[in-house]
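The structure under discussion appears below in the form of structure tokens.
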Protein chains: 2
Amino acid sequence: MTSSLHHRAIENLGTRIISGELPAGHVMLAEHLEDELKVSRSVIREAVRVLQSLGLVETTKRVGIRVLPASRWNPFDPQVIRWRLASDARGAQLRSLAELRAAVEPAAAELAAQNAPAPLRLELVDVAYAMRDAGHNGEVPRFLELDIQFHSLLLSGSGNEMFANLMGQVAETLTGRTVHGLMPDHPHEAALQWHVDLAEAIARGDAASARETSDRIMRRTMSRMSDTWTEQPRVFIPVRR
Amino acid sequence: MTSSLHHRAIENLGTRIISGELPAGHVMLAEHLEDELKVSRSVIREAVRVLQSLGLVETTKRVGIRVLPASRWNPFDPQVIRWRLASDARGAQLRSLAELRAAVEPAAAELAAQNAPAPLRLELVDVAYAMRDAGHNGEVPRFLELDIQFHSLLLSGSGNEMFANLMGQVAETLTGRTVHGLMPDHPHEAALQWHVDLAEAIARGDAASARETSDRIMRRTMSRMSDTWTEQPRVFIPVRR
DNA sequence: TGACACCGATGTGTGCAGACATCAAAACTC
DNA sequence: GAGTTTTGATGTCTGCACACATCGGTGTCA
């Protein structure tokens, strides 16, 4: 199913647009795409509709299918994020996600302390202790898994569906970090304790402490990652009026 | 263009799914939708493909088009947000957006102070003073317009395309606030000055001050809005493993 | 002669109808 | 109950008619 013709057409065009191979303003003809991808019109048409809804292209009669500039792309769409992570802009995408995460997690921690269901709070505490153990023992893969689970639970516990939806993308940044060898074999001792403190603050409903502790974790994470992407150029999206 | 059959089909199905009229698990047949909406198969298929990419439905052979639970919807998609704002969940959606905004804006302010291009900083200061004047004179519509412009510039100036993309949604929360008569004729005097302080902190590159001032503005905004939606139920998205 | 408004030709997406292919659920056989 | 066949829905392909934005030619007027 994931390899349906329609899906492959989306993947093909999406990656090529986001990689810059098909630059903004480039105009394609549906007929030409049929020949190139060796698929029928219906497949092309359905793919173009989806790309249109992602803001990657627009269609105009008598003109064709025009590639839109990056400022029109939907930067929150999981597919767009995936395509950007696979492009030259990978560094910039990781930085954007990390900045978003750093902004959101302390707020999510505060909300979780106020609203999270009891079982989730307990699980959060369990995972935090398991994380600390795995960290002490240098079990890197298990630590990564628990780390993702911890932050997923935290975002989910906020009761804000937008925060919760960032889970998937957060997982990307965390795995991306280890893959790039940015994680030491033994995670920072203090950071491990901070996770435990955060979980317990949420468990006892201490919103202010939860926010502050989460903020401390995020600041440390950001400071450790920032030097990786300082050379990434920033793109300023113009204000649409 | 916006009233193409395919677009109308998306709108029809999208609103009905998000309103709950078509509940999660409900199965439709493409053929049935053709009859109901009086359009051809290609229109239905293209619409379903878009809804599929938004996580609203999935298609299975031999079964049909199945409506997915809200936990699968893409909560950052502008269309989904618009449909939720038009549904019973309007309050919950406004709260989610406000919480997101409250989390992001201080981070955006900090980044803007570090990275924003010089012309944008100047414009931000101009707009802040214009806001203060409009607020003093009780020009509510003009104040709202400037308020949106101010926060759009701020998010745009962060150089984070995800932050910048929140502009449109932020505008929704701000306009939604005035439409609901939650705005006094004369905005809070201190808040007006805070906007000026924030703009000037960004202009001189004082990141810490910018973040703190923005945080103060957000906290006040949240505290003024929170009592409107305390009765809205929170939805906890389960963690996908 | 030159500038301008008009108007039809052209090419492209949009929508329609029907056919066959594919494949997974459901029914059936042993 | 395991394996096989049937069935019915989506997936894919194709030919056609239509809508309509763009472009170039034609005619009118100054």
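Lettering follows sequence order; numbering is per chain, from 1. A quick note: this is a predicted structure, and the numbers were derived from the prediction, not measured. Hydrogens, waters and symmetry mates are skipped; everything else that's a heavy atom, side chains included, is used.
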How long is the line joining [atom1] of [X] and [atom2] of [N], in whole Å?
{"X": "B:His7", "N": "D:dA19", "atom1": "NE2", "atom2": "C1'", "answer": "18 Å"}
{"X": "B:Gln52", "N": "D:dT10", "atom1": "CD", "atom2": "C1'", "answer": "11 Å"}
{"X": "B:Glu46", "N": "C:dC16", "atom1": "CD", "atom2": "C1'", "answer": "11 Å"}
{"X": "B:Glu34", "N": "C:dA17", "atom1": "CD", "atom2": "C1'", "answer": "10 Å"}
{"X": "A:Ile10", "N": "D:dT12", "atom1": "CD1", "atom2": "P", "answer": "11 Å"}
{"X": "A:Leu33", "N": "C:dG13", "atom1": "CG", "atom2": "P", "answer": "9 Å"}
{"X": "A:Met28", "N": "C:dT12", "atom1": "CE", "atom2": "P", "answer": "14 Å"}
{"X": "B:Leu5", "N": "C:dG13", "atom1": "CG", "atom2": "C1'", "answer": "13 Å"}

(request) Hey, could you give me the NE2/CD1 distance between A:His6 and A:Ile44, rounded to the nearest 0.5 Å? (result) 11.0 Å

(message) Please determine whether a side-chain nitrogen of the Lys or Arg among A:Arg95 and B:Glu161 lies less than 4.0 Å from a carboxylate oxygen of the Asp or Glu.
(response) no

(request) For the side chain of B:Ser4, starting at C-beta, report the closest nucleotide among D:dT10, C:dG15, D:dC20. (result) C:dG15

(request) Between A:Val63 and A:His6, name the one whose nearest nucleotide on DNA chain D is closer to the 5' end. (result) A:His6

(message) Need to verify one output field. Residue with the more 5' nearest nucleotide on DNA chain D, A:Ser42 or B:Ile65?
(response) B:Ile65

(message) A:Arg45: which residues meet the salt bridge (charged side-chain N to carboxylate O under 4.0 Å, His left out) condition with it, sequence neighbours left out?
(response) B:Glu46

Could you check whether the side chain of [X] and the base of [N] have a donor-acceptor pair of N or O atoms closer than 3.5 Å, going by distance alone?
{"X": "B:Arg45", "N": "D:dT10", "result": "no"}
{"X": "A:Arg49", "N": "C:dG13", "result": "no"}
{"X": "A:Arg41", "N": "C:dG13", "result": "no"}

(request) Establish, with yes or no, whether the OP1 or OP2 oxygen of C:dC16 is under 4.0 angstrom from a side-chain nitrogen or oxygen of B:Ser40. (result) yes

(message) Does D:dG11 have its OP1 or OP2 closer than 4.0 Å to a side-chain nitrogen or oxygen of B:Thr59?
(response) yes

(message) Side chains of B:Gln93 and B:Arg90: any donor to acceptor distance under 3.5 Å?
(response) no

(message) Need to verify one output field. Residue with the more 5' nearest nucleotide on DNA chain C, A:Leu29 or A:Arg62?
(response) A:Arg62

(request) For B:Asp88, look at atom CG and say whether over 12 heavy atoms of other residues, nucleotides or ligands are found less than 6.0 Å away. (result) no

